[in-house]
Amino acid sequence: MADNDIRNFYLDARVLYRRLVLDSGREIVITMQAIALWIVLEGMGFPNLVRKFLKIHEMVVNKLLDEADMCLRCVQSVQPPVPAVNMSDMPLTEGLMGGNKRINLMLVYTNSTNVITKVNETVFGSFSIAFDDIIQEVSGMSFPELNVLPLAQDLLEGHAEQAAPCFDAPSAYSSVLPNHTTLGKDEHVPESKRAIFCTFTREYPVQQKELESFLERSYGERCIEKITMQQVPGNEHPSWASIIFHSQIPVQEIMQGRETAPININGKHVWAGSLEFMERL
């Protein structure tokens with residue numbers, strides 16, 4: 001690839017990344033991994049998807065990102081996807097391939113090791129530098145400060161039982177979350193219905209600023225009433241936080257009627273529980 005082609009390629013990737021994380025409020029790391037996946041697919045003989053995606057409607061691009069996120073979670077799973085019959089399980093992505101080029105989860109799954117390796121190389125080798133100013137603009141932190149985990153680190157290290165499950169639909173944290181910039185405080189709803197309790201490992205800590213940034217991007221700048229992080233000595237990291245929102249809408253969208261729910265913050269898996277559920281434990 002000539003120097004001008006490389007420069008134009010990264011300019012296209014930056015434009016698409018900015019569009020997704022700033023305009024659509026998508027999660028920082030998942031979006032980086034999705035764009036890296038599209039680049040890997042190009043290396044497997046598929047057309048330049050990044051350039052194509054720049055020319056289509058934002059709603060469609062967000063659905064394409066959902067398909068990419070589903071695909072990335074499948075390649076991290078120890079269980080292969082169920083083969084789709086008479087249809088593609090990545091219909092929007094396949095529709096943009098043109099011609100007779102077919103793509104589905106099973107095709108990518110059979111190349112899991114190569115896909116995972118190349119996605120990590122692209123994210124940590126190229127995008128961590130090329131996108132760093134956008135990351136700082138969105139989160140207030142640089143890429144190294146986010147302590148991002150490599151894709152499928154547990155799987156690559158042989159701990160397959162900890163690999164991410166392969167869902168047949170986008171998860172709660174991969175869907176396009178509405179940006180509730182006008183959420184007002186609902187004083188008639190008790191705190192227990194406006195609060196969640198989050199837990200994360202000390203090995204892969206989530207900082208308060210990081211947590212706030214994720215929630216505000218997803219639910220609006222004034223969505224949080226109060227965050228309480230676990231108090232620990234200076235050389236340790238907290239393993240839990242409680243969040244009280246002004247409205248119960250974020251809680252409903254995160255939990256979706258469940259007692260516990262996964263959240264992905266910059267590649268770190270966090271578990272959320274409703275405060276009502278935690279109080280019953």
Side-chain angles (χ1 to χ4, degrees), residues 9-39 50 53-54 56-66 68-69 72 119-120 122-151 170-183 196 198 200 204-225 227 229 237 241 243 245-246 249-250 253-254 262-270 272:
F9 174 80
Y10 277 108
L11 285 174
D12 288 344
R14 276 178 54 85
V15 170
L16 183 59
Y17 185 67
R18 175 178 287 276
R19 177 179 170 186
L20 285 164
V21 299
L22 284 175
D23 297 344
S24 297
R26 299 307 296 259
E27 204 277 332
I28 294 173
V29 177
I30 290 175
T31 305
M32 294 176 77
Q33 293 169 340
I35 296 175
L37 172 66
W38 294 329
I39 293 169
V50 172
F53 292 174
L54 288 173
I56 58 181
H57 193 276
E58 178 181 344
M59 182 179 296
V60 179
V61 177
N62 274 285
K63 295 299 183 182
L64 289 161
L65 196 153
D66 285 337
D69 181 34
L72 287 167
V119 166
N120 283 335
T122 302
V123 168
F124 288 90
S126 302
F127 289 174
S128 62
I129 299 171
F131 297 169
D132 194 52
D133 60 324
I134 302 174
I135 292 169
Q136 292 188 52
E137 185 177 347
V138 173
S139 69
M141 291 183 285
S142 66
F143 182 83
E145 289 174 328
L146 294 176
N147 296 317
V148 176
L149 299 179
L151 189 69
S171 67
Y173 53 77
S174 67
S175 60
V176 183
L177 296 172
N179 187 12
H180 301 290
T181 54
T182 58
L183 282 181
I196 59 173
C198 292
F200 26 85
Y204 306 116
V206 175
Q207 305 297 329
Q208 179 168 342
K209 186 175 182 181
E210 192 176 4
L211 182 59
E212 288 176 347
S213 177
F214 171 81
L215 294 171
E216 288 176 349
R217 287 200 314 275
S218 300
Y219 303 108
E221 294 180 358
R222 296 177 295 278
C223 69
I224 300 170
E225 179 176 317
I227 287 186
M229 303 289 289
H237 296 289
I243 302 99
F245 297 96
H246 287 299
I249 292 175
E253 292 185 356
I254 291 170
I263 306 175
N264 191 307
I265 301 177
N266 301 326
K268 304 168 190 177
H269 293 285
V270 174

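Note that this is a predicted model, so its numbers are computed, not measured. Hydrogens, waters and symmetry mates are skipped; everything else that's a heavy atom, side chains included, is used. One is the number of the first residue; the rest follow in order along the sequence.
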(message) Using side-chain heavy atoms (C-beta onward) and a distance below 4.5 Å, is E27 in contact with N266?
(response) yes
*asked:* Applying side chain to side chain contact (heavy atoms under 4.5 Å, CB included) to I254 and Y219, what does each step give before you reach the verdict?
replied: CA-CA 10 Å; I254 291 170; Y219 303 108; 3.1 Å; yes
query: Would you say I39 and F127 make side-chain contact, with heavy atoms under 4.5 Å?
result: yes
Exercise for review: Dump the intermediate steps for side chain to side chain contact (heavy atoms under 4.5 Å, CB included) on I56 and L64, then the final yes or no.
Suggested key: CA-CA 11 Å; I56 58 181; L64 289 161; 3.5 Å; yes
Separation between CG (L22) and CD1 (I134), nearest 0.5 Å, reads 7.0 Å
Between the CD1 atom in I196 and the CD1 atom in I263, the distance rounded to the nearest 0.5 Å is 4.5 Å
Closest non-hydrogen atoms of C198 and V270, given as atom of the first, atom of the second and distance, are CB-CG1, 3.9 Å
All N/O donor-acceptor pairs, side-chain side in residues 143-150, below 3.5 Å, sequence neighbours left out:
residue	atom	partner	partner atom	Å
E145	OE1	S142	N	2.8
E145	OE1	S142	OG	3.4

Minimal heavy-atom distance between K268 and P205, with the atoms involved, is NZ-O, 2.8 Å
All heavy atoms of A34 vs all of L72, minimum pair found to be N-CD1, 3.9 Å
> Do the ring planes of W38 and F53 sit parallel (below 30°), tilted (30 to 60°) or perpendicular (above 60°)?
Replying inline: perpendicular
Contacts of I227 meeting side chain to side chain contact (heavy atoms under 4.5 Å, CB included) (sequence neighbours excluded), chain-then-number -> Q208, L211, E212, I224, M229, I243
Could you tell me whether a side-chain N or O of S213 sits under 3.5 Å from a main-chain N or O of V138, the two making a donor and an acceptor? yes
For A130, does its backbone N or O pair with a side-chain atom of R14 as donor and acceptor, under 3.5 Å?
yes
With no hydrogens and no angle check, is any side-chain donor or acceptor of Y17 less than 3.5 Å from a backbone partner on I28? yes
Output for pair (N62 CG, H57 NE2), nearest 0.5 Å, gives 10.0 Å
Closest non-hydrogen atoms of N120 and L151, given as atom of the first, atom of the second and distance, are OD1-N, 2.7 Å
Taking every heavy atom of E210 against every heavy atom of M141, the minimum-distance pair comes out as CB-CE, 3.3 Å
One should read off an interatomic distance between I35 CD1 and L16 CG, to the nearest 0.5 angstrom, of 4.5 Å
To the nearest 0.5 Å, atom CE of M32 lies from atom CD1 of I30 at 12.5 Å
State, with a plain yes or no, whether a side-chain heavy atom of R26 is found less than 4.5 Å away from one of D66. yes
Are Q136 and D132 packed together at the side-chain level, in the sense that at least one heavy-atom pair is separated by less than 4.5 angstrom? yes
Close side-chain approach of F200 to I265, heavy-atom, < 4.5 Å
no
Give a yes or no on whether the backbone of G140 and the side-chain of K209 come within a donor-acceptor separation of less than 3.5 Å.
-> yes
Taken to the nearest 0.5 Å, the spacing of E253 CD from F245 CZ works out to 10.0 Å
